[in-house]
Amino acid sequence: MAEGATFPKIARCGVHTMANVPFDKLGGKLWYNGELVDWDAGRFHILTHGLHYGSCVFEGERAYGGKIFKHQEHTDRLFKSAEILGMDISYSNKELFDAGYESLEAQGFTDAYVRAVAWRGSEMMAISAQQTTTHVAVICWDMGSYFDPEARMAGIKLQWAKYKRPSPECAPVHAKAAGLYMICTMSKHEAEANGFNDALMVDWRGYVAECTGANIFFVKDGALHTPTPDCFLNGITRQTVIELAEKAGVEVVERHIMPEEVSEMQEVFIVGTAAEVTPINQIGDIHYQVGEVTRTLLTDYHNHVRGI
């Protein structure tokens, strides 16, 4: 980043811009099982398998300037997640790709959050679900910064989570499956109750893994260090940031990182579709400065997703 440059301005928004309105009351249109329907029609019965047994997969995407960033990669991953869970999506890859833009256009958005979701229906209410129908929806809403913009640019605070990312032998860790996020919700709630913004999780072996909804990067002696994604998602934003770092001439090291190593790092940031690139200024009782590598990659990512 050039001397005297500043961070890009981020809209001051919460989880969505109508912060006092429940999501089911936002209004407009959404894509539901092959057609655009009124927002209020996006409902299902309480005895739905996806609700009771976690048989649900999803994608989180962002649209910038009318283009959904890496939409094909996200669409492909939704199908892969469904395959891992043994769910049969009856729509083609192209149909769901197009559904993202149909939903975006119907809402009249150019910048928005895009959520594609597939879940098992209500034909069976037991562990077995072979006869259930897989339903699919794509929903868009107005969304700004995932974290408070001022806090985000100064760096946010992470608490260590008590829950660990599971072994690949214990859960479908490479699927973006809804059930895997329960310990994330619990960890984030506890962190926020203790005055932190988010929680940092280790895996079942004790290695640093990820935050509740974002991958993590560390800077040490000018090189970028990031945990090997062998028991959690290799995020699409994570892959993008690695590409941008390598393009900028920053060495990237993917490896197992022990918790005691975080005190040796000079900079820390997290990345994800919602979080984008967010600096970290504290992990537990260890403090960091928002440094040059973080600033550069934050700006590069901001420009990249907008085609600047």
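Along the sequence shown, the residues carry numbers beginning at 1. The structure displayed is predicted, hence computed values, not measured ones.
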Legend entry - Any donor-acceptor N/O pair, Asn197 side chain to Lys157 backbone, under 3.5 Å: yes

Legend entry - Side-chain donor/acceptor of Tyr32 to backbone N/O of Val136, under 3.5 Å: no

Inset, instruction - Report the C-alpha distance between Tyr288 and Val219 in whole Å, list the side-chain angles of each, state the deciding distance to 0.1 Å, and finish with yes or no for side chain to side chain contact (heavy atoms under 4.5 Å, CB included). - result: CA-CA 11 Å; Tyr288 305 90; Val219 180; over 6 Å; no

Inset, instruction - Decide yes or no on side chain to side chain contact (heavy atoms under 4.5 Å, CB included) for Arg306 and Phe69, but give the supporting numbers first. - result: CA-CA 9 Å; Arg306 293 167 175 81; Phe69 182 66; over 6 Å; no

Inset, instruction - For the residue pair Phe218 and Val208, establish whether any side-chain heavy-atom pair is separated by less than 4.5 Å. - result: yes

Which donor-acceptor pairs under 3.5 Å do the side chains of residues 74-83 make with protein atoms, sequence neighbours left out?
{"from": "His74", "atom 1": "ND1", "to": "Glu59", "atom 2": "OE1", "distance (Å)": "2.6"}
{"from": "Thr75", "atom 1": "OG1", "to": "His71", "atom 2": "O", "distance (Å)": "2.8"}
{"from": "Asp76", "atom 1": "OD1", "to": "Gln72", "atom 2": "NE2", "distance (Å)": "2.8"}
{"from": "Asp76", "atom 1": "OD1", "to": "Asn93", "atom 2": "ND2", "distance (Å)": "2.9"}
{"from": "Arg77", "atom 1": "NE", "to": "Glu59", "atom 2": "OE1", "distance (Å)": "3.2"}
{"from": "Arg77", "atom 1": "NE", "to": "Glu59", "atom 2": "OE2", "distance (Å)": "2.8"}
{"from": "Arg77", "atom 1": "NH2", "to": "Glu59", "atom 2": "OE1", "distance (Å)": "2.9"}
{"from": "Ser81", "atom 1": "OG", "to": "Arg77", "atom 2": "O", "distance (Å)": "3.1"}
{"from": "Ser81", "atom 1": "OG", "to": "Lys176", "atom 2": "N", "distance (Å)": "2.9"}

Inset, instruction - Could you give me the CA-CA distance, side-chain angles and deciding distance for Lys70 and Thr240, then say whether side chain to side chain contact (heavy atoms under 4.5 Å, CB included) is met? - result: CA-CA 9 Å; Lys70 293 204 169 178; Thr240 302; 2.9 Å; yes

Legend entry - Side-chain (Asp38) to main-chain (Ala41) donor-acceptor, under 3.5 angstrom: no

Inset, instruction - Start with the C-alpha distance between His52 and Leu47, add both sets of side-chain angles, then the distance that settles side chain to side chain contact (heavy atoms under 4.5 Å, CB included), and finish with yes or no. - result: CA-CA 7 Å; His52 290 257; Leu47 292 175; 4.0 Å; yes

Inset, instruction - Kindly compute the distance separating CG (Asn281) from CD1 (Ile286), expressed to the nearest 0.5 Å. - result: 12.5 Å

Inset, instruction - Might you point out which heavy atoms bring Glu254 and Thr228 nearest each other, and give the distance in Å? - result: C-OG1, 3.7 Å

Legend entry - Connected via hydrophobic side-chain network under 4.5 Å: Val271 and Val305: yes

Inset, instruction - Verify the cluster assignment for Leu224 and Val253: are they in a single hydrophobic cluster under the rule of side-chain heavy atoms below 4.5 Å apart? - result: no

Legend entry - Separation between CZ of Arg295 and CG of Asp300, rounded to the nearest 0.5 Å: 13.5 Å

Inset, instruction - Answer yes or no: is there a side-chain heavy-atom contact under 4.5 Å between Ile216 and Phe269? - result: no

Inset, instruction - Begin with the C-alpha distance, continue with both residues' side-chain angles, and end with the deciding distance and a verdict on side chain to side chain donor-acceptor pair (under 3.5 Å) for Thr294 and Glu267. - result: CA-CA 7 Å; Thr294 300; Glu267 302 176 37; 2.7 Å; yes

Inset, instruction - Using distance alone, with no hydrogens and no angle criterion, decide if His49 and Ser55 have a side-chain donor and acceptor under 3.5 Å apart. - result: yes

Inset, instruction - Mark yes when over 12 heavy atoms from residues, nucleotides or ligands other than Glu260 sit less than 6.0 Å from its CD; otherwise mark no. - result: yes

Legend entry - Neighbour count >12 (heavy atoms, 6.0 Å) for atom CD, Glu264: yes

Inset, instruction - Would you name the heavy atoms of Arg120 and Gly86 that are closest together and state the gap between them? - result: NH2-O, 3.1 Å

Inset, instruction - Among residues two or more places apart or on two chains, list those pairs meeting ring pair (Phe, Tyr, Trp, His ring centres under 6.0 Å) that have a residue in residues 152-194. - result: Phe58-Tyr181

Inset, instruction - Scan for side chain to side chain donor-acceptor pair (under 3.5 Å) pairs involving residues 101-110, sequence neighbours excluded, and state none if there are none. - result: Trp31-Glu102

Legend entry - Residues clustering with Met258 (ILVMFWY side chains joined when closer than 4.5 Å, directly or via others): Tyr207

Inset, instruction - Give a yes or no on whether Ile84 and Leu96 share a hydrophobic cluster (residues Ile, Leu, Val, Met, Phe, Trp, Tyr; joining criterion: side-chain heavy atoms under 4.5 Å apart). - result: yes

Inset, instruction - Search all heavy atoms of Ala191 against all heavy atoms of Asp198 and return the closest pair with its distance. - result: CB-O, 3.4 Å

Legend entry - Parallel, tilted or perpendicular: rings of Tyr113 and Trp141 (30°, 60°): tilted

Legend entry - Main-chain N/O of Glu95 paired with Ser92 side-chain donor or acceptor, under 3.5 Å: yes

Inset, instruction - Specify the closest pair of heavy atoms between Val290 and Ala154, including all atoms of both residues, with the distance to one decimal. - result: CG2-O, 3.5 Å

Inset, instruction - Enter the distance from Tyr64:OH to Ile308:CD1 here, rounded to the nearest 0.5 Å. - result: 11.0 Å

Inset, instruction - Report the distance from atom CG of Asn33 to atom OG of Ser90, rounding to the nearest 0.5 Å. - result: 7.5 Å

Side chains of residues 126-133: which donor-acceptor pairs under 3.5 Å do they make with residues two or more places apart or in other chains?
{"from": "Thr132", "atom 1": "OG1", "to": "Ala129", "atom 2": "O", "distance (Å)": "2.7"}
{"from": "Thr133", "atom 1": "OG1", "to": "Glu123", "atom 2": "OE2", "distance (Å)": "2.8"}

Legend entry - Close side-chain approach of Ile156 and Pro279, heavy atoms under 4.5 Å: no

Which donor-acceptor pairs under 3.5 Å do side chains of residues 229-236 form with protein atoms, sequence neighbours excluded?
{"from": "Asp230", "atom 1": "OD1", "to": "Arg205", "atom 2": "NH2", "distance (Å)": "2.9"}
{"from": "Asp230", "atom 1": "OD2", "to": "Arg205", "atom 2": "NH1", "distance (Å)": "3.2"}
{"from": "Asp230", "atom 1": "OD2", "to": "Arg205", "atom 2": "NH2", "distance (Å)": "3.2"}
{"from": "Asp230", "atom 1": "OD2", "to": "His256", "atom 2": "NE2", "distance (Å)": "3.1"}
{"from": "Asn234", "atom 1": "OD1", "to": "Arg238", "atom 2": "NH1", "distance (Å)": "2.7"}

Inset, instruction - Would you check if the side chain of Thr278 reaches a backbone N or O of Ala275 as a donor-acceptor pair within less than 3.5 Å? - result: yes

Inset, instruction - Using atom types as modelled and distance alone, determine if a side-chain donor or acceptor of Arg62 lies under 3.5 Å from a backbone N or O of Thr273. - result: yes

Inset, instruction - Would you check if the side chain of Thr48 reaches a backbone N or O of Phe44 as a donor-acceptor pair within less than 3.5 Å? - result: no

Legend entry - For Leu200, the option from Ile270, Val268, Leu158 that meets side-chain contact (heavy atoms from CB on, under 4.5 Å): Leu158

Legend entry - Thr237 side chain reached by Tyr301 side chain, heavy atoms, under 4.5 Å: yes

Inset, instruction - Please name the pair of heavy atoms, one in Trp39 and one in Leu30, separated by the smallest distance, quoted to 0.1 Å. - result: O-CD2, 3.6 Å

Legend entry - Single-linkage hydrophobic cluster Val138~Val37, side-chain heavy atoms < 4.5 angstrom: no

Inset, instruction - Compare all side-chain heavy atoms of Met186 with those of Lys162 and state whether any distance is below 4.5 angstrom. - result: no

Inset, instruction - Establish whether Val57 and Ile183 are linked, either directly or via other cluster members, by ILVMFWY side-chain heavy-atom contacts under 4.5 Å. - result: no

Inset, instruction - Write down the atom of Asp142, the atom of Asp111, and the distance for their closest heavy-atom approach. - result: OD1-O, 4.1 Å

Inset, instruction - Evaluate the side-chain proximity of Arg165 to Cys184: yes if any heavy-atom separation is below 4.5 Å, no if none is. - result: yes

Inset, instruction - Answer yes or no: are there more than 12 heavy-atom neighbours, outside Lys67 itself, under 6.0 Å from its atom NZ? - result: no

Legend entry - Residue pair Pro259 / Val202, side-chain heavy-atom distance below 4.5 Å: yes

Inset, instruction - Look at the side chain of Gln266 and the backbone N and O of Asp221, then say whether any donor-acceptor pair between them is shorter than 3.5 Å. - result: yes

Legend entry - Value rounded to 0.5 Å, distance of CD in Glu73 from CD1 in Ile68: 12.0 Å

Legend entry - Validation row: Trp204, Pro168 side chains within 4.5 angstrom (heavy atoms): yes

